[in-house]
Amino acid sequence: MTLTSPHLGSSDAWTDARLLYALEEVVEKELNRHLKVVKDWMPHEYVPWSDGRNFPGLFEDGEAWEPQQSKVTDIGKIALVVNLLTEDNLPSYHHEIATLFGRDGAWGTWVHRWTAEEGRHGIVMRDYLLASRAVDPDKLEQFRMSHMSEGFESDNRHSMLHSVAYVAFQELATRISHRNTGHQSGDPVCDRMLSRIATDENLHMVFYRNLLGAAFELAPDLTMQAVRDVVVNFRMPGHGMPGFERAAAQMAIGEIYNLRIHHDDVLQPVLRFLKVLEIDGLGPEGLKAQEELGLYMGGLDAEASKFDEKLAARKARMAARGR
């Protein structure tokens, strides 16, 4: 089965401003759909407040943090910190999309609504970590200050289409990371909290995925090139945080987020839903981008298979040692 995308004018005619205007109606439709299905929730209802107690400081009865105070697994702690520090940069994310998408009309309403919903994620995660004593509160704050002091600049800030393509994949990647962290946390309370966050992230993905689908109908060649560029150069937004490379490696081994998950659970679902590799009627540049995207996905799948083999071998060695 193939899809035919009509060319509505040449690629050169599509500026960011014209695309923003052309997609305004789609944004309004998706915003209204989102508001009908999204459910408001209270962050404080997901936090085990009865587990909390004073830390040293203003309180004379403060109890110093110790690693054994938390029931969260080691990999769960690592992933929770990475996920929270990623959420902490919300002010920079808001600045990026508000500058790119604008603050007026349906675009502006979505930008502010998205920011408000994302704000809950950082609130509930930090409250959970402190109340449950899952991580060292001093180090957590030091990491936050260091990470936010660096600021954030999107790799795709040069292009509205690239930005829409990126968030379509990134929102799903975040959902998967939260969901798997909850499953690996060892704490049912943490799992429920992150499942609630993952539900929000999935709705955000659907918004951007549907918007990306509309962009394919308007400007198929440009959108295909944007998707190729984003997929080939994809990086999670928290890549600049302290110790990210080591934490990412541990999360990969812990099966929270790795090449196989990235290929199977993030890239493929969006590409498959939009039938990106089946779109017909592309011009030369669009066709080239589509072919390069297909080749990249094949190569990524091969790399993921190599990772799977190494991970299986590692598990076998650990099992042999009785660990």
Taking the ring centre of each residue, are F169 and Y208 less than 6.0 Å apart?
no

Test your reading of the model: is there a side-chain donor-acceptor pair from W107 to the backbone of L20, 3.5 Å cut-off?
yes

Testing L90, L31, T109 for side chain to side chain contact (heavy atoms under 4.5 Å, CB included) with W114, which one passes?
L90

Can you tell me how far apart CZ (F273) and CG (L212) are? Round to the nearest 0.5 Å.
11.0 Å

Any chance the side chains of H94 and E118 put a donor and an acceptor closer than 3.5 Å?
no

Hydrophobic cluster membership, V230 vs L295, 4.5 Å side-chain cutoff:
no

Quick one: are H34 and H204 in side-chain contact, heavy atoms under 4.5 Å?
yes

Just checking E28: does its CD atom have more than 12 heavy atoms from other residues, nucleotides or ligands closer to it than 6.0 angstrom?
no

Which value, rounded to the nearest 0.5 Å, describes the distance between Y166 atom OH and E96 atom CD?
10.5 Å

Is it the case that over 12 heavy atoms from other parts of the model lie below 6.0 angstrom from the CG atom of D104?
no

Which heavy-atom pair separates S163 from L100 by the least distance, and what is that distance?
OG-CD2, 2.8 Å

Between N258 and I261 (side chain of the first, backbone of the second, donor and acceptor by atom type, cut-off under 3.5 Å), is there such a pair?
yes

Check this for me: does any side-chain nitrogen of one of E285 and K288 sit under 4.0 Å from a carboxylate oxygen of the other?
no

Tell me if the aromatic rings of W110 and F207 count as close, with their centers under 6.0 Å from one another.
yes

Under 3.5 Å, is there a donor-acceptor pair between the side chain of Q69 and the main chain of A64?
yes

With the 4.5 Å side-chain cut-off for hydrophobic clustering, are M224 and F234 part of the same group?
yes

Going by atom types alone, do E309 and S305 pair a side-chain donor with an acceptor below 3.5 Å?
no

Would you call N210 and V26 a side-chain contact if the rule is heavy atoms closer than 4.5 Å?
no

Do R157 and T99 get their side chains close enough for a donor-acceptor pair, meaning under 3.5 Å?
no

Under a plain distance cut-off of 3.5 Å, with no hydrogens placed, do S159 and D16 share a side-chain donor-acceptor pair?
no

Main-chain N/O of I197 paired with E201 side-chain donor or acceptor, under 3.5 Å:
no

Nearest 0.5 angstrom please: D136 CG to S70 OG, how far?
12.0 Å

Any H147 side-chain heavy atom under 4.5 Å of L84 side chain:
no

Taking the side chain from Y93 and the backbone from T86, do they hold a donor-acceptor pair closer than 3.5 Å?
yes

Treating Q184 as the side-chain partner and G254 as the backbone partner, does any N or O pair qualify as donor plus acceptor under 3.5 Å?
yes

Please confirm whether the backbone N or O of A106 pairs with a side-chain atom of E24, one donor and one acceptor, at under 3.5 Å?
yes

Return yes if a side-chain donor-acceptor contact under 3.5 Å exists between E87 and H178, otherwise no.
yes

Going from NZ on K77 to SG on C190, what distance comes out if it is rounded to the nearest 0.5 angstrom?
11.5 Å

Atom pair CZ (R133) and CD (E63), whose distance is rounded to the nearest 0.5 Å
4.5 Å

Let me check something: do L271 and L259 share a hydrophobic cluster, defined by ILVMFWY side-chain heavy atoms less than 4.5 Å apart, either directly or through other members?
yes

Taking only Lys NZ, Arg NE, NH1 and NH2, and the carboxylate oxygens of Asp or Glu, determine whether R144 and E141 approach each other closer than 4.0 Å.
yes

Polar side-chain atom of T181 near backbone of G76 as donor-acceptor pair, under 3.5 Å:
no

Regarding D187 and R192, does a basic nitrogen lie under 4.0 Å from an acidic carboxylate oxygen?
no

Single-linkage hydrophobic cluster L130~W65, side-chain heavy atoms < 4.5 angstrom:
no

Hey, quick one: are F55 and L129 part of the same hydrophobic cluster, counting side-chain heavy atoms closer than 4.5 Å, chains of contacts allowed?
no

Does any donor atom in the side chain of H183 or E255 lie under 3.5 Å from an acceptor atom in the other side chain?
no

Using a 6.0 Å cut-off, check whether atom CZ of R314 has over 12 heavy atoms from anything other than its own residue.
no

Salt bridge or not between R126 and D88? Use side-chain N to carboxylate O under 4.0 Å.
yes

cation_pi(R228, Y296) dist<6.0 Å, angle<=45:
no

Are the side chain of Q290 and the backbone of I279 linked by a donor-acceptor contact shorter than 3.5 Å?
yes

Quick check: do W49 and D127 have side-chain heavy atoms less than 4.5 Å from each other?
yes

Test side chain to side chain contact (heavy atoms under 4.5 Å, CB included) on V135 and L80; report intermediate values, then the result.
CA-CA 9 Å; V135 298; L80 278 164; 5.6 Å; no

Please find the pair of heavy atoms, one from T223 and one from A215, that lie closest to each other, and give the distance.
OG1-O, 3.1 Å

Hey, is the main chain of G62 close enough, under 3.5 Å, to the side chain of N54 for a donor-acceptor pair?
no

Less than 4.0 angstrom from a charged side-chain N to a carboxylate O is my criterion; do D191 and R179 meet it?
no

Determine whether M148 and P91 make a side-chain contact, defined as any pair of heavy atoms from C-beta on separated by less than 4.5 Å.
yes

Hey, does V82 have a side-chain heavy atom less than 4.5 Å from the side chain of I256?
no

Any ion pair linking K29 and E25 (charged N to carboxylate O, less than 4.0 Å)?
no

